[in-house]
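What follows is a set of notes on a single structure, which appears directly below.
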Amino acid sequence: RGPRRGVVSSVEVIDNPVSTVMINGKPRVRLDPDAMRECAAALGVPKRTRVYLEEGGVEFGFSAQTAFVQGYNFGLWRGILAAQEFDVAVVKPQAWKAALGLKFKGSTKDDSIAMAKMLFPEIVHELSRKRDHGRAESLLIAAYGHVANGAAAAEDDDALCARVRDVLADRGLVREEGAPLPYFGPYFGMTGEELKKELKARALKVSGTKSELILRLEDDDAARTSRQAKSATA
């Protein structure tokens, strides 16, 4: 929360409202729909506020029950938020993790907690346990959503966007002062195939990771701009 968009005065994390229910004769902890509805209504934010909801995929080794519960939880939250007339934007974990530099081999939940503490020092006291990675990742999704929702295209960074830039720069993911944030620049939202198609149209190399493809396009953009400037002054 803050006095205007991008200014952080306070940060609040609310754990999922749950209750214990009997399933096949065994007590299970599950989301509580009534408490979820009350929680969403109590936020006190205007209708049509953009909210970001992660859609996790089914991973290898998931049981049928685990896959069902994960899909059920996602659908339940989406319905609750839509009923409150929020503008729900669905985010894939691969997207926000790649954008924040957390999609690398060996990345752990501790990395998410560490980054959330850097981005939101106001709430470090609620991110002190390993089990707080869920809180941390919800904060990171919020930061990702803020930047993705037009903040990265603004002429000047707002306070939250500047925090994201500083953290990414600290991780070596911002090449130079004022450069587009990785995955938030002009090619934000493009799939790997779309990036390759654009590279092919420019007769550029099309192999590599998604971040390498974006970097190659940005380098080509910079080279074209430089050539145009030289031509204009010649």
Side-chain angles (χ1 to χ4, degrees), residues 1-16 43-46 48-56 81 86-104 106-190 209-211 214-215 218:
R1 300 180 187 272
R4 59 187 180 277
R5 189 172 185 271
V7 177
V8 182
S9 296
S10 64
V11 180
E12 182 181 12
V13 176
I14 303 169
D15 293 329
N16 276 320
L43 291 174
V45 296
R48 307 310 305 164
T49 293
R50 173 69 62 88
V51 299
Y52 289 83
L53 178 65
E54 184 185 63
E55 180 185 35
L81 295 170
F86 293 143
D87 176 14
V88 182
V90 176
V91 178
K92 294 284 189 181
Q94 299 93 328
W96 71 260
K97 288 182 178 180
L100 296 180
L102 289 171
K103 192 181 176 185
F104 60 89
S107 177
T108 68
K109 295 172 181 178
D110 288 340
D111 294 312
S112 294
I113 293 176
M115 180 173 281
K117 286 180 176 179
M118 293 175 69
L119 280 174
F120 298 102
E122 297 88 351
I123 201 167
V124 292
H125 59 287
E126 293 192 46
L127 301 172
S128 59
R129 306 166 301 175
K130 280 187 174 292
R131 60 184 289 190
D132 292 332
H133 70 272
R135 295 177 175 180
E137 293 196 343
S138 70
L139 291 166
L140 296 177
I141 292 168
Y144 161 84
H146 173 75
V147 178
N149 189 27
E155 191 169 321
D156 297 307
D157 287 346
D158 61 33
L160 181 52
C161 194
R163 290 189 187 190
V164 173
R165 178 179 292 279
D166 288 344
V167 169
L168 293 182
D170 185 65
R171 297 174 67 88
L173 297 174
V174 180
R175 290 180 293 157
E176 58 187 54
E177 186 70 26
L181 291 172
Y183 287 86
F184 295 114
Y187 305 103
F188 173 76
M190 291 177 67
T209 65
K210 191 172 181 180
S211 59
I214 290 174
L215 182 60
E218 290 179 350

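Side-chain atoms of L160 and F120, non-hydrogen and from C-beta on, do get closer than 4.5 Å to each other. Two residues are said to be in side-chain contact when any heavy atoms from C-beta on lie closer than 4.5 Å; E12 and I14 meet this criterion. In this structure the side chain of I123 reaches within 4.5 angstrom of the side chain of V13, judged on heavy atoms. The shortest distance between side-chain heavy atoms of L140 and L102 falls below 4.5 Å. L139 has its side chain out of reach of L119: every pair of non-hydrogen atoms, C-beta onward, lies at least 4.5 Å apart. Between H146 and R5 there is a side-chain heavy-atom pair separated by less than 4.5 Å. With contacts defined as side-chain heavy-atom distances shorter than 4.5 Å, the pair V88/Y52 does not qualify.
Residue L53 holds its CG atom at 11.5 Å from OG of S138, rounded to the nearest 0.5 Å. A distance of 14.0 Å separates CZ of R165 from CG of D170, quoted to the nearest 0.5 Å. Taking NZ from K130 and OG1 from T108, the interatomic distance works out to 7.0 Å, rounded to the nearest 0.5 Å. The CZ atom of R48 sits 10.5 Å away from atom CZ of F86, with the distance rounded to the nearest 0.5 Å.
Residue pairs meeting the side-chain hydrogen bond (donor to acceptor under 3.5 Å, both in side chains) criterion with at least one partner in residues 117-128, sequence neighbours excluded, are E122-R163.
Judged as a side chain to side chain donor-acceptor pair (under 3.5 Å), and not counting sequence neighbours, R1 has no contacts. Residues passing the side chain to side chain contact (heavy atoms under 4.5 Å, CB included) test with P46 are T49, sequence neighbours excluded. With sequence neighbours excluded, no residue forms a side chain to side chain contact (heavy atoms under 4.5 Å, CB included) with A114. Applying the salt bridge (charged side-chain N to carboxylate O under 4.0 Å, His left out) criterion to D166, with sequence neighbours excluded, gives no partner residue. Residues meeting the salt bridge (charged side-chain N to carboxylate O under 4.0 Å, His left out) test with D132, sequence neighbours left out: R129, R135.
For the 3.5 Å distance criterion, the side chains of E137 and W96 fail to qualify, holding no donor opposite an acceptor.
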Quiz item: What's the verdict on side chain to side chain donor-acceptor pair (under 3.5 Å) for H133 and D110, showing C-alpha distance, side-chain angles and the deciding distance?
Solution: CA-CA 7 Å; H133 70 272; D110 288 340; over 6 Å; no

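Heavy atoms only, all atoms of each residue included: A136 and I113 are closest at CB-CA, 3.7 Å. For S9 against G2, the heavy-atom pair with the smallest separation is OG-CA, 3.6 Å.
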